[in-house]
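This report concerns only the one structure given below.
Counting starts at 1 for both ligands and their atoms, following the listed order. Treat the numbers as computed from the prediction; the structure is a model and nothing was measured. The analysis underlying the following values was restricted to heavy atoms, covering all of them including side chains, and did not include hydrogens, waters or symmetry mates. For the single chain, residues carry numbers from 1 onward in sequence order.
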Amino acid sequence: MNRPADEMAIAVRLRGSADEMPQPPDVGLRERFAARLRDVASRPDLVPIEFNGSQIAARRGGTLLGAALKSRTRLMHLCGARTLCATCRVRVSAGAENLAPMSPLERLSLRYHLSFSSRTRLACQARVAGPVTVESVFPLCGELSE
Ligand code: FES
């Protein structure tokens, strides 16, 4: 066990070496995040969504996945909304026109996972602009059959 004076010296040395480490390049992430927050905050109105037969609400401009998680709907999202896993896939039965158009990345992910239906969307990417009715393609977490 180190004496307190030794530990203090180690802490000072570590802090000094951390300060000397190269900083990651600023790619404007902070500004883009702040702009996104301002954009969402400027549209605080909620949009009704029917998710697997339950009524939930989403912020206009927010994603289906965000709305599901906020309402404690346990939709799978293994890759953390990076368009890699497609476990957040939902089938849109009504109001598809109220979702933001599919991005090339979302389209690529769905094709990679052999989902070719225009009614299938990634909940982590689909942004809501109006009422929509969706159903998850995979069972919700905690609802797996035995
Ligand atoms: S959470 Fe993985 S693709 Fe949506």
field: Neighbour count above 12 (heavy atom, 6.0 Å) for Phe138 CZ
entry: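 Atom CZ in Phe138 is crowded, with more than 12 foreign heavy atoms closer than 6.0 Å.
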
Does any N or O in the side chain of [X] come within less than 3.5 Å of the main-chain N or O of [Y], such that one atom is a donor and the other an acceptor?
| X | Y | value |
| --- | --- | --- |
| Thr83 | Ser109 | no |
| Arg82 | Cys79 | yes |
| Asn98 | Val128 | no |
| Thr73 | Leu75 | no |

- prompt: Would you say Val92 and Leu110 are hydrophobically clustered, going by side-chain heavy atoms of ILVMFWY under 4.5 Å?
  reply: no

Which atoms of ligand 1 have any heavy atom of [X] under 4.0 Å away?
| X | result |
| --- | --- |
| Leu84 | 3 (S) |
| Ala81 | 1 (S) |
| Cys124 | 1 (S), 3 (S), 4 (Fe) |
| Thr83 | 3 (S) |

message: So that I can check it, does any N, O or S atom in His77 come closer than 2.8 Å to atom 4 (Fe) of ligand 1?
response: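 Checking His77: none of its N, O or S atoms is under 2.8 Å.
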
task: Check whether any N, O or S atom of Cys85, backbone or side chain, sits closer than 2.8 Å to atom 4 (Fe) of ligand 1.
output: no

Residue Cys79, metal atom 2 (Fe) of ligand 1, N/O/S under 2.8 Å: yes

- line: Ranked by distance from atom 3 (S) of ligand 1, the top protein heavy atom is Ala86 N, 3.2 Å

